[in-house]
Amino acid sequence: MTVPLDPDARFVGIDQAYARHAHQAPPERRWLLVQTIVSALPRRTLIGSLPIRPGARVLDLGCGFGAASLEIAALSGCSVVGLDTDLPVLTVARAIADEVDPGGGAGGGGAGGSAVSFAVGDAYRLPFPDRSFDMVFSRFVFQHLSQAEQAASEVTRVLVPGGLACIVDVDDGLSISEPPPSLAFERLAKALQASQTSYGGDRRIGRRLPAILDRAGLVPNPVLVLPQAAYHRPEPGDPERLLMLERLGAARPGIVGGGHMTAEEFEADLAAFAAEAPGPTCEIEAHLAVLATRP
C-alpha cells in the first residue's frame with residue numbers, strides 16, 4: 001500500500017511503519033486500517049488541539065491499529081495505553097509501535113518522554129483501577145456499543161478528578177451528497193446501518209453523546225462540530241471508493257446473516273455499485289467531538 005507521508009516530521013516514522021505493516025491486517029479488518037491511514041490529517045488536527053500536558057496518562061479507548069495512540073504520544077510527551085477487544089488488530093498495532101519511537105528517537109521525531117503500550121480489554125469493564133488516567137480519548141467507538149451508558153460510566157471511573165474525556169463519533173444526519181448516491185448504494189448503506197443497529201450500535205450517536213456523558217457524571221463542554229467537505233472528480237481506482245467497496249464486502253456476513261438483504265440482493269447491488277462511473281460529487285459531513293471533564 002502506498003501511504004502519503006505527512007510533511008510533519010513527527011509523523012514520518014509512523015506513516016512509514018503503517019505502510020510496511022499494511023499487509024498484516026486481518027483481511028476482514030483491512031478496510032479499517034485503510035480508513036485509519038486516509039483519515040490521518042483530521043485525526044491529527046484534533047489531537048493537536050487537545051490540552052494534553054507532558055507526562056499525562058492517556059487511555060485510547062477502542063484504539064484499533066493504534067494510530068491515535070502513537071500520534072498522541074508523539075505530540076504530547078505522555079504515556080498512552082491503547083485498549084481494544086480485537087487481539088489480531090492489536091498484534092499489528094504492537095508490531096508498528098515496536099518500529100516507532102514516539103519519544104523522538106529513531107523513526108520518531110516527536111515529543112520526548114513518551115511511551116505507548118497496548119492491552120486487550122472491554123469498554124464495559126475497563127481493566128484499570130479508579131482514577132488511572134488524566135485523559136480518555138475515543139474515536140468512532142461509541143457508535144458500535146450496545147451499552148454506551150455503561151462505557152461512559154467506566155470512562156468516568158478511570159479518570160482523575162479534573163480529567164478530560166474526548167469522545168468523537170459519527171451522526172449520519174449530518175451527511176449530504178450532491179448528486180445523491182445511487183439506489184444500489186443507498187440500499188447497501190441502509191442494510192449496513194440496519195446490521196449495526198441490530199447488535200445495539202447507533203449511526204446517529206453523535207447527537208446523543210453529550211447527554212450520555214452527562215448522565216455518567218461528566219460535565220460536557222464544549223461540543224465541537226468537525227466538518228468535512230470535498231468536491232470529488234473520481235478517477236479510476238479512487239481510494240475512497242475502493243475503501244467503501246472493501247468495507248461493504250467485509251460487512252457481508254452481518255448484512256446477509258442478519259437478514260437485512262438476501263445474498264443475491266447484496267451481490268447484485270455491490271456489483272452495480274462497483275460498476276458505476278460516477279461523475280463529480282460534492283460531499284459534506286460532520287462528526288461530533290464532546291469534551292467532558294470529571295468534577
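A salt bridge links Arg29 to Asp86: at least one charged side-chain nitrogen sits closer than 4.0 Å to a carboxylate oxygen. Salt-bridge check for Arg44 with Asp15: passed, with a basic side-chain N closer than 4.0 Å to an acidic carboxylate O. Ion pair Glu149/Arg215 flagged as a salt bridge, since at least one NZ, NE, NH1 or NH2 atom sits closer than 4.0 Å to an Asp/Glu carboxylate oxygen.
Between Met244 and Leu248, the closest side-chain pair of non-hydrogen atoms falls below 4.5 Å. Under the 4.5 Å side-chain criterion, counting only non-hydrogen atoms from C-beta, Arg233 is in contact with Tyr231. By the 4.5 Å heavy-atom criterion applied to side chains, Ile205 and Asp171 are not counted as neighbours. Contact of the His144 side chain with the Tyr199 side chain is registered, since non-hydrogen atoms from C-beta on lie closer than 4.5 Å. Residues Arg139 and Ser39 have side chains in contact (heavy-atom distance under 4.5 Å, counting atoms from C-beta outward). Inter-residue side-chain proximity for Phe140 and His287 is flagged as met; some heavy-atom pair is nearer than 4.5 Å. Within the 4.5 Å cutoff, the side chain of Ile167 has no heavy atoms near those of the Phe137 side chain. Residues Asp269 and Met261 have side chains in contact (heavy-atom distance under 4.5 Å, counting atoms from C-beta outward).
At least one donor-acceptor pair closer than 3.5 Å links the side chain of Ser198 to the backbone N or O of Ser195. Glu154 places no side-chain N or O within donor-acceptor distance of the main-chain N or O of Ala123, the cut-off being under 3.5 Å. Listed for the Ser175 side chain is no donor-acceptor partner under 3.5 Å among the backbone atoms of Asp172. Although no hydrogens or angles enter the test, the distance criterion places a donor-acceptor pair under 3.5 Å between the side chain of Asp169 and the main chain of Phe142. A donor-acceptor contact shorter than 3.5 Å links the side chain of Tyr124 to the backbone of Gln147. For Asp60 (side chain) and Gly82 (main-chain N/O), no donor-acceptor pair under 3.5 Å exists by modelled atom type. Listed for the Ser177 side chain is no donor-acceptor partner under 3.5 Å among the backbone atoms of Pro180. Panel note: side chain Thr262, backbone Glu265; a donor-acceptor pair is recorded below 3.5 Å. Of the possible polar contacts, none joining the Arg30 side chain to the Ala250 backbone as a donor-acceptor pair under 3.5 Å is found. With Thr293 contributing its side chain and Pro295 its backbone, the two residues share no donor-acceptor pair below 3.5 Å.
Gln143 and Asp202 are not linked by any side-chain donor-acceptor pair at a separation below 3.5 angstrom, with hydrogens and angles left out of the test. Side-chain contact annotation: His21 with Glu99, donor-acceptor N/O pair under 3.5 Å present.
Atom CG of Leu50 is separated from atom SG of Cys166 by 4.5 Å, given to the nearest 0.5 angstrom. Atom-to-atom distance recorded for Leu75:CG and Ile47:CD1 is 7.0 Å, nearest 0.5 angstrom. For the atom pair Ile96 CD1 and Phe65 CZ, the distance stands at 7.5 Å (nearest 0.5 Å). Atom CG of Leu33 is separated from atom NE2 of His23 by 11.0 Å, given to the nearest 0.5 angstrom. Atom CG of residue Leu159 and atom CG of residue Asp134 lie 8.5 Å apart, to the nearest 0.5 angstrom. Atoms CD and CG, from Gln193 and Leu188 in turn, are 13.0 Å apart once rounded to the nearest 0.5 Å.
Residue Leu61 is tested with Val158, Leu83, Asp84 for a side chain to side chain contact (heavy atoms under 4.5 Å, CB included); the sole match is Leu83. Of the listed residues (Glu246, Glu276, His232), just one forms a side chain to side chain donor-acceptor pair (under 3.5 Å) with Arg241, and that residue is Glu276.
The cluster map of Ile, Leu, Val, Met, Phe, Trp and Tyr, joined by side-chain heavy atoms under 4.5 Å apart, puts Leu218 and Val160 in different clusters.
At least one test fails for Arg57 against the ring of Phe128: distance under 6.0 Å to the centre or angle within 45° of the axis.
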- Task: Let me see the working for Ser79 and Val58 under side-chain contact (heavy atoms from CB on, under 4.5 Å), right down to the final yes or no.
- Result: CA-CA 6 Å; Ser79 175; Val58 179; over 6 Å; no
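Residue-environment remark: CZ (Arg131) stays at or below the threshold of 12 foreign heavy atoms within 6.0 Å.
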